Protein chains: 2
Amino acid sequence: MLSKKTKYGLKALAYLASQKDKQPVQISEVAKAENISQKFLESILLSLRKSGFLGSKKGKGGGYYLIKDPKEVLMTDVMRILEGPIAMVPCVSLNFYEKCADCPDEATCSVNKLMLMVRDANLEVYRNNTLADLIA
Amino acid sequence: MLSKKTKYGLKALAYLASQKDKQPVQISEVAKAENISQKFLESILLSLRKSGFLGSKKGKGGGYYLIKDPKEVLMTDVMRILEGPIAMVPCVSLNFYEKCADCPDEATCSVNKLMLMVRDANLEVYRNNTLADLIA
DNA sequence: AATTACCCTATTAATTTAATAGAGTAAACA
DNA sequence: TGTTTACTCTATTAAATTAATAGGGTAATT
């Protein structure tokens, strides 16, 4: 299941990407437009800023804005920041690899191979989509 | 993230599928072989039986066994029973469709389209894999 | 009749997710 | 310079889900 955090984050990014100019948009405006708890959204936008997707401006006329061109923002990167690993088990994760505690051997694990295929299928989608595709 | 329930369920199914004969296998044997809490596994196998994947036999020499040929068991069906919806948001689910509470309009939802592609990519994998492929 | 092993309900512990509250700080503008 | 605006940060809590445990019940086989 997609977490609310990810869902809200994607919607907020799409909202910012759909702005004509690059002027900062207030959190409150995004929250209202996309039906998101403002406080929750604050923390999400903050993490997107810390990850390099967004810039922010304080004071009057401040808000958040996209740093890159939406076409340059790969969904793989966005999803990894918002949702975490793309893989469904840590033992097939590229960026968050961990050995499964309950698994004696990955090579003979029946789940491993299937989840590897699932991961690749998902990566294929995320790699071929950018933020610009969300608002098309 | 794949739930433990699904992971254990897949491992158990694979274990049963890898049996030479169709003789029932005791829960305790599966639990031991696959490092699974026996009680937890009981409930998982029970739901797999109720869904028509497994048969069971009581009394001495009893246990669980596969009903169908592993080649005939599609991963789409298994995953839906164990993990639930394949889609990451209810609004793009084929078998568990629900309108998203926070979404005014699916047609203009920026998340909807992406998740539709993700769902199709996952379905493609699950449709092209059977239980027999897990143990290959 | 006794044993084996599945079957079922209930409870609890742990984890994660989602939301809320409130104070603090930096920047802009008059 | 002072005030407003709006982002920043920490902490807390509520809700939901997942995972595990306990214990007794029941059906079938030998």
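Values below: every heavy atom of this structure, side chains too, minus hydrogens, waters and symmetry copies. None of the values given here were measured: they were computed from a predicted structure.
Heavy-atom distances under 4.0 Å link DNA chain C to no residue of residues 9-19 of chain B.
Here the closest non-hydrogen pair linking B:P104 and A:N35 is CD-ND2, 4.3 Å. Shortest non-hydrogen contact noted between A:L94 and A:R127 is CD1-NH2, 4.2 Å.
At whole-Å resolution of the value, CD in B:Q26 and C1' in C:dC7 are 15 Å apart. Rounded to whole Å, the distance from CG on A:N35 to P on C:dA18 is 16 Å. When the P atom of C:dA13 is taken as reference, atom NZ of B:K39 falls 18 Å away, rounded to whole Å. Between B:L48 atom CG and C:dC7 atom P there is a gap of 12 Å when expressed in whole angstrom units. The nearest whole Å value for the distance from the CD1 atom in B:I27 to the P atom in C:dC8 is 12 Å. As rounded to whole Å, 15 Å separates atom P of C:dA21 from atom CZ of A:F40. Summarising the geometry, the separation between CG on B:L41 and C1' on C:dC7 is reported as 14 Å, rounded to the nearest angstrom. In this structure, the CD atom of B:E42 is 16 Å from the P atom of C:dT4, given to the nearest Å.
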- Stepwise side-chain hydrogen bond (donor to acceptor under 3.5 Å, both in side chains) check, B:E98 with B:S93: CA-CA 8 Å; B:E98 262 181 66; B:S93 178; over 6 Å; no
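Looking at A:R49, its side chain never comes within 3.5 Å of a backbone N or O of A:S56 through a donor-acceptor pair. Proximity of a side-chain donor or acceptor of A:K99 to a complementary backbone N or O of A:C103 within less than 3.5 Å is detected. Using a distance-only test at 3.5 Å, with no hydrogens or angles considered, no donor-acceptor pair links the side chain of A:R80 to the main chain of A:N95. Here the side chain of B:K113 pairs a donor or acceptor atom with the backbone of A:A136 at under 3.5 angstrom. Here the side chain of B:D133 pairs a donor or acceptor atom with the backbone of B:T130 at under 3.5 angstrom. In this structure a side-chain-to-backbone donor-acceptor pair under 3.5 Å is present from A:S51 to A:S47.
Looking only at atom types and distance, the side chain of B:E29 has a donor-acceptor partner in the side chain of B:Y15 under 3.5 Å away.
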- Contact string for nucleotides 24-30 of chain C, one letter per nucleotide 5' to 3', B = base within protein heavy-atom range under 4.0 Å, S = sugar-phosphate only, - = neither, reads --SBS--
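Here chain B contacts DNA chain D (any atom closer than 4.0 Å to a heavy atom, that is under 4.0 Å), and the contacts span D:dA19 to D:dT29 from 5' to 3'.
Residue contacts shown for A:K50 are limited to sugar-phosphate atoms, with no base heavy atom under 4.0 Å away. Residue A:L45 is out of contact with every strand shown, counting any heavy-atom pair closer than 4.0 Å. Heavy atoms of A:K4 sit under 4.0 angstrom from primed sugar atoms or phosphate atoms, though from no base atom.
Using a 4.0 Å cut-off, some side-chain N or O of A:S37 falls inside it from OP1 or OP2 of C:dT20.
Summarising the local packing, NZ of B:K22 is surrounded by more than 12 heavy atoms from other residues, nucleotides or ligands at distances under 6.0 Å.
The existence of a salt bridge linking B:D102 and A:K4 is excluded, since no basic side-chain nitrogen approaches an acidic carboxylate oxygen closer than 4.0 Å.
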